[in-house]
Amino acid sequence: MAMFFESTEGKGSMSVLDFCCSQCFEQKFYQEADFYCDNCLKLFCAKCINLHVQLFREHVTFGRRDIRKWPVAKEVEEFLQQCDLHEGKRLKHFCNDHSKLCCSNCELCYHRQCAKVTLISKAVKEHQPDLKLLSKEIQSILETLNILENNWNTNMLTLQASYDKQLHEIHVTRQKINTILDKIEISTMQELEDKFTSLKASVQTDADNCSKLKNELKRLSGAIDGIVDKEKEELAFIASTKCLEKVKQFETYLKENFIQVERSLTFQAENDIQTVLSNLSGLGKIVLNTQALTVLSDKVFTVQGRSEYGVRIPSDDQRRRSFISAICVLSNDQILVADFNNKRVKLLNHHYQVVGHCDLTASPEDMCQITSSEVAIAVDMKKTHEVLFVSVNGVRLVKDRKLTFQHRCYGIAFNQKYNQLYLTTGTALYNYSISGVLLKKLYEDIAGDYTVSRCAVSPLGDKIFVLNIRQGQVLTLAKDGTPLYTFTDTDLHNTRGIHVTPQGQVLVCGGVSKTMLQLDGGCTKKLATLATKDDLNFPVSVFYNRSTTSIIVGQLDSNTLSTKILVFKVT
């Protein structure tokens, strides 16, 4: 029998999942296996295999180079089949309504009213997970977690160093004044101690959370490696679902920690302390210094491949050319594309097949995500200037409320941090509350038409990016509308689509120049040209799908017989 065990190389180290020699295990000795006998169905270490070969010369054995021919370890099966919520319970069902694995307790407590709860053996026939792709994504996540964990640990040292330095400054200041400072010194040092203790605990919690998520993902990665190419469909399905759940946990964690804040302490002494000494309650102020540490915003994408997918449906107007004006990928990997000329939004599944659509009152100019299942769509035509809110319920698109404006609605973006909308009119950028209350006109350029066309928001909500089609520029604004930078490049002619990934990477398309560029997180310089006229026709919209590590591009195409989107696989 294949034995599966956990070993640790040191206290606090990462758990390692591997196979144990069957013969040694029977002697209650844990020795890593190097060979597997397909006839005996047993594992052998380098020492035990010699005796086995002498006794059974005709048996077929496989070394670690052929580890994919080894069986799935029993402990791997038990690890994957164990319910994460209920200890000792095995996963038996899958709820299609919630995309959740269920044990008997889960089904009874949380999915009793669900309509589509099936056995895993049946559900696996409808899902074919790519474990190699998931394993690759987990490795990428682990690399990111390593960066985050290293930053937290470094911050702990910095915090300690700042504490020591400021403590010294307090003593130096104390020596310059007379004995009446004794009482004030105690008060000041207590403030320092309290803040240091609080900050130290906070940083330690952040480091522990990061380490915990990394350990969970690495163990899951090891389990995946143990079942790849084993033809264990149920285990593959379970592993896939667990991976996706952990990936979503990581995305939430990364969003919360996209900008790591380095915390340190500073003592600010009073300049004229002897004069005002009797009126002071402390020697100075303990100030928290913060420094933003960007994790991934300047990581450059590398294009690995390109695919095309048709999104035309029979009810589309066959006389109109393709114009995919906007793209959104929701949290459950459902894809929405705005079909400008057909005045509708189409819902695609993860195979890029149209599974639903919703007709609009006017042509959709732009679209942005509001919640995990809701988008806001800017529609504009003649006297119609609206923002429509559309929710996704399964494969149904449901139109909810709408906001009406007196100006054009050309571009739209949502600031999740401040729960605010940004709308462009072609020449101005407006800031609205989510309920449609005007907060401020942030920026205006009346030099010509479409000087303020599309817009996007940085993940932290501190910067707004505006496209100037007329000049082929990307303008970076502060949150209050103050211009910060203007990016211009000869490869960016007639700027059309812009998208900012959750990690802060900026993608922008040039329609006439037929290019897709990646800019740095502040839109001050070009990092890469990801696609050119060899792959693009007239790109007008772009969106990065993190779950598939791919960039989706919509185009303005003169071909009336085909409505396509382009998908670029990236790393």
| Mutual orientation of the aromatic rings belonging to Phe56 and His52 [parallel < 30°, tilted 30-60°, perpendicular > 60°] | tilted
| Taking 4.0 angstrom as the limit, do Asp534 and Lys514 come out as a salt bridge? | no
| Does Lys242 count as lying over the ring of Phe79, i.e. NZ or CZ under 6.0 Å from the six-ring centre, within 45 degrees of the axis? | yes
| query | So among Arg344, Arg312, Lys346, which one has a salt bridge (Lys or Arg N to Asp or Glu O under 4.0 Å) with Asp339? | reply | Lys346
| message | How about CD on Glu26, more than 12 heavy atoms from neighbouring residues, nucleotides or ligands closer than 6.0 Å, or not? | response | yes
| query | Heavy-atom count around Lys100 NZ within 6.0 Å, excluding the residue itself: above 12? | reply | no
Indicate every side-chain donor-acceptor pair of residues 388-400 with a distance under 3.5 Å to a residue at least two apart or in another chain.
| from | atom 1 | to | atom 2 | distance (Å) |
| --- | --- | --- | --- | --- |
| Ser391 | OG | Asp400 | OD2 | 2.5 |
| Lys399 | NZ | Asp359 | O | 3.1 |

| Minimum heavy-atom distance between Ala531 and Leu536, given as atom pair plus value | CB-CD1, 3.7 Å
| field | Intermediate values then yes/no, side chain to side chain donor-acceptor pair (under 3.5 Å), Thr515 and Lys533 | value | CA-CA 6 Å; Thr515 53; Lys533 61 182 179 180; over 6 Å; no
| message | Surrounding NZ of Lys89 (heavy atoms of other residues, nucleotides or ligands, distance under 6.0 Å), is the total greater than 12? | response | no
| remark: When rounded to the nearest 0.5 Å, the distance separating CG of Leu556 from CZ of Arg321 is 4.0 Å
| Closest heavy-atom contact between Ser541 and Ile324? | OG-O, 2.8 Å
| field | Closest approach of Phe35 to Ala46 (non-hydrogen atoms, all atoms of both residues) | value | CE1-CA, 4.4 Å
| Between Arg64 and Glu32, is there a side-chain N and carboxylate O pair less than 4.0 Å apart? | yes
| query | Which heavy atom in Arg401 sits nearest to a heavy atom in Ile434, and how many Å separate them? | reply | NH2-O, 3.1 Å
| query | Is any side-chain heavy atom of Ile335 closer than 4.5 Å to a side-chain heavy atom of Tyr352? | reply | yes
